[in-house]
S.K.: 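Structure in structure tokens, see below.
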Amino acid sequence: MNMSSKLLKPDSHLDLNSMKELPDSYAWSSSADHADGQNSSGSDPVPVINLEDPNVMMHVGHACKTWGVFYVMNHGVPMTVLDEMEASGRDVFSLPLDQKLRAARSADRVSGYGVAQISSFFPKLMWSEGLTIVGSPHEHAQKLWPQGHIHFCEVVEEYKKEMNKLANKIMWLVLGSLGITKGDIKWAGPTGELKEACPVLQLNSYPACPDPDRAMGLAAHTDSTLLTILHQNNTSGLQVRREGTGWVTVPPIRDALVVNVGDLLHILSNGLYSSVLHRAMVNRTQHRLSVAYLYGPPSNVRISPLSKLIDNSHPPLYRPVTWSEYLGTKAKHFNNALSFVRLCAQINGFVDVNDHSSVLVG
Ligand SMILES: O=C(O)CCC(=O)C(=O)O
Ligand SMILES: [Fe+2]
């Protein structure tokens with residue numbers, strides 16, 4: 001996720017559901033890169049991790065190190081909670097455009113309805129719309145449904161509660177795989193629960209597109225989180241960038257959720273676990289929906305490489321940053337943000353091989 005406060009372009013609120021042709025402002029060049037990943041049958045699949053496996057910690061560590069993304073099965077989130085969230089997302093995006101625009105994100109805010117927040121970094125528009133919910137969904141729901149919105153709010157609150165439990169569980173598996181124990185984490189409570197920042201839910205909608213080969217649902221980016229947990233409907237679209245392979249499709253698996261390593265975990269692990277570059281493609285016939293739970297640390301916590309991972313031969317590669325400081329850097333420098341919090345890697349010779357600052361995107 002990226003937070004930018006630039007003003008939306010004038011034609012950025014077209015009703016994508018009614019378009020019969022791709023407007024020029026949405027036509028990305030159909031480069032080889034664009035087509036790459038549409039058929040990734042030759043590549044290794046993204047790891048699927050059973051959270052009830054006795055060796056789960058080792059598998060999580062391996063997936064973070066080699067992919068930066070993995071599926072989780074037996075995650076404990078009831079299917080009904082996922083299905084209800086998906087149905088509520090569908091309810092939001094199927095409202096008439098003028099009704100959705102009542103909840104439009106204003107120029108200086110992250111929360112609300114609108115185009116992808118990374119749009120300002122690209123000359124072309126993305127074939128998607130989103131609703132970002134920071135904290136309570138109440139304010140947006142009231143604008144979207146002035147007659148009543150209790151059900152939507154209940155569904156969102158329940159979803160956030162379940163996601164928070166799961167994010168805690170996965171975060172401890174990640175930390176455990178790095179040799180980190182409860183006492184090493186400043187923002188862990190007495191029973192080991194991680195205090196979280198204001199939770200952020202990102203609902204994404206990708207309408208069927210008349211010219212999917214030239215369109216882009218969501219351009220390549222890394223998330224500015226510790227972890228992101230993603231639920232997708234039964235339509236493919238998510239792709240991750242893998243060194244040496246290119247774009248690999250991450251198709252939906254009915255009982256699984258997708259977990260991404262974000263930039264703050266990249267920093268916390270001193271680059272051992274790399275944040276994964278990902279994007280969303282669109283298709284001609286199906287409406288795709290995804291719900292991302294963006295998990296980060298409490299706002300007063302400064303994230304820096306864990307001291308247990310630092311010694312004379314492994315100096316810290318990043319300086320401490322809070323989540324909001326990092327979001328500010330991301331809003332200015334987008335996919336180069338990690339290199340702006342990096343400590344003189346080139347001078348002391350310790351280069352983080354997982355840093356994406358040299359990757360060209362879009
Ligand atoms: O829709 C997807 O699969 C990806 C969404 C995403 O990357 C995000 O919301 O940050
Ligand atoms: Fe993302």
Side-chain angles (χ1 to χ4, degrees), residues 1-4 16 37-38 40 46 67-72 82 85-86 89-90 92-93 105 110-122 126-134 159-160 163 167 199-209 212 215-241 247-253 256-266 274-283 286-296 323 326-327 330-331 334-335 337-338 356 359 361-362:
M1 184 188 55
N2 175 262
M3 312 285 182
S4 168
L16 301 182
Q38 302 295 338
S40 54
V46 170
W67 278 88
V69 62
F70 51 95
Y71 293 94
V72 288
L82 298 174
M85 188 65 244
E86 190 180 313
R90 205 174 292 282
V92 170
F93 295 115
R105 185 188 297 128
V110 167
S111 211
Y113 170 81
V115 298
Q117 296 186 59
I118 58 175
S119 293
S120 58
F121 292 99
F122 297 91
M126 294 170 213
W127 195 264
S128 58
E129 54 184 334
L131 177 67
T132 311
I133 303 173
V134 181
Y159 191 82
K160 285 197 307 193
M163 285 294 141
V200 182
L201 212 57
Q202 174 68 37
L203 276 56
N204 300 302
S205 158
Y206 307 91
C209 176
M216 175 63 74
L218 191 57
H221 65 282
T222 58
D223 291 345
S224 307
T225 53
L226 284 167
L227 294 174
T228 302
I229 304 178
L230 188 90
H231 168 65
Q232 31 182 352
N233 74 348
N234 63 355
T235 303
S236 241
L238 176 64
Q239 294 183 339
V240 295
R241 184 93 191 159
W247 290 106
V248 177
T249 300
V250 190
I253 299 180
L257 292 160
V258 177
V259 180
N260 287 344
V261 171
D263 293 343
L264 292 185
L265 182 53
H266 188 125
S274 64
S275 52
V276 68
L277 200 63
H278 56 284
R279 68 183 186 181
M281 310 306 280
V282 293
N283 75 86
Q286 276 165 312
H287 181 193
R288 180 165 182 270
L289 259 157
S290 72
V291 183
Y293 180 77
L294 306 167
Y295 178 77
W323 197 7
Y326 187 72
L327 287 170
K330 190 92 169 203
F334 190 40
N335 281 350
L338 269 180
H356 300 298
V359 176
V361 296

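Hydrogens, waters and symmetry mates are skipped; everything else that's a heavy atom, side chains included, is used. Whatever order the structure lists them in is the order used to number ligands and atoms, beginning at 1.
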S.K.: May I ask which of Ala292, Gly237, Ser290, Gly130 has a heavy atom nearer to atom 2 (C) of ligand 1 than the others do?
M.R.: Ser290
S.K.: If the condition is side-chain contact (heavy atoms from CB on, under 4.5 Å), which residues does Asn204 pass it with, not counting sequence neighbours?
M.R.: Gln202, Tyr206, Ser290
S.K.: Quick one: closest heavy-atom pair of Ala280 and Arg288, and the distance?
M.R.: CB-NH1, 3.9 Å
S.K.: Using a 4.0 Å heavy-atom cut-off, which part of Asp223 comes near ligand 1: side chain, backbone, both, or neither?
M.R.: side chain
S.K.: Please find the pair of heavy atoms, one from Glu86 and one from Leu289, that lie closest to each other, and give the distance.
M.R.: O-CD1, 4.0 Å
S.K.: Relative to ligand 1, is Thr228 under 4.0 angstrom through side chain, backbone, both or neither, heavy atoms considered?
M.R.: neither
S.K.: Mind telling me whether Phe122 and Phe334 have parallel, tilted or perpendicular rings, with 30° and 60° as the class edges?
M.R.: perpendicular
S.K.: His221: which N/O/S atom is nearest the Fe ion (ligand 2)?
M.R.: NE2
S.K.: Any atoms of ligand 1 less than 4.0 Å from a non-hydrogen atom of Gln202? List them with their elements.
M.R.: 9 (O)
S.K.: Any side-chain heavy-atom pair from Pro207 and Trp127 closer than 4.5 angstrom?
M.R.: yes
S.K.: Specify which N/O/S atom of Asp223 comes nearest to the Fe ion (ligand 2), by atom name.
M.R.: OD1
S.K.: Who pairs with Ser236 by side-chain contact (heavy atoms from CB on, under 4.5 Å), at least two apart in sequence or on another chain?
M.R.: Thr249, Pro251, Pro252
S.K.: Could you establish whether Arg279 and ligand 1 come within less than 4.0 Å of each other, counting only heavy atoms on the residue side?
M.R.: no
S.K.: Between ligand 1 and Gln232, can you find any atom pair, the residue atom being a heavy atom, that is separated by under 4.0 Å?
M.R.: no
S.K.: Nearest non-hydrogen atom to atom 3 (O) of ligand 1 belongs to which of Arg288, Met281, His278?
M.R.: Arg288
S.K.: State, without any angle test, whether Ser205 and His287 hold a side-chain donor-acceptor pair at a distance under 3.5 Å.
M.R.: yes
S.K.: Side chain or backbone of Leu218 under 4.0 Å from ligand 1, or both, or neither, by non-hydrogen atoms?
M.R.: side chain
S.K.: Counting each atom of ligand 1 from 1 as listed, which ones have a heavy atom of Tyr206 under 4.0 Å away?
M.R.: 1 (O), 2 (C), 4 (C), 5 (C)
S.K.: Is Asn260 close to Phe70 at the side-chain level, that is, under 4.5 Å between some pair of heavy atoms?
M.R.: no
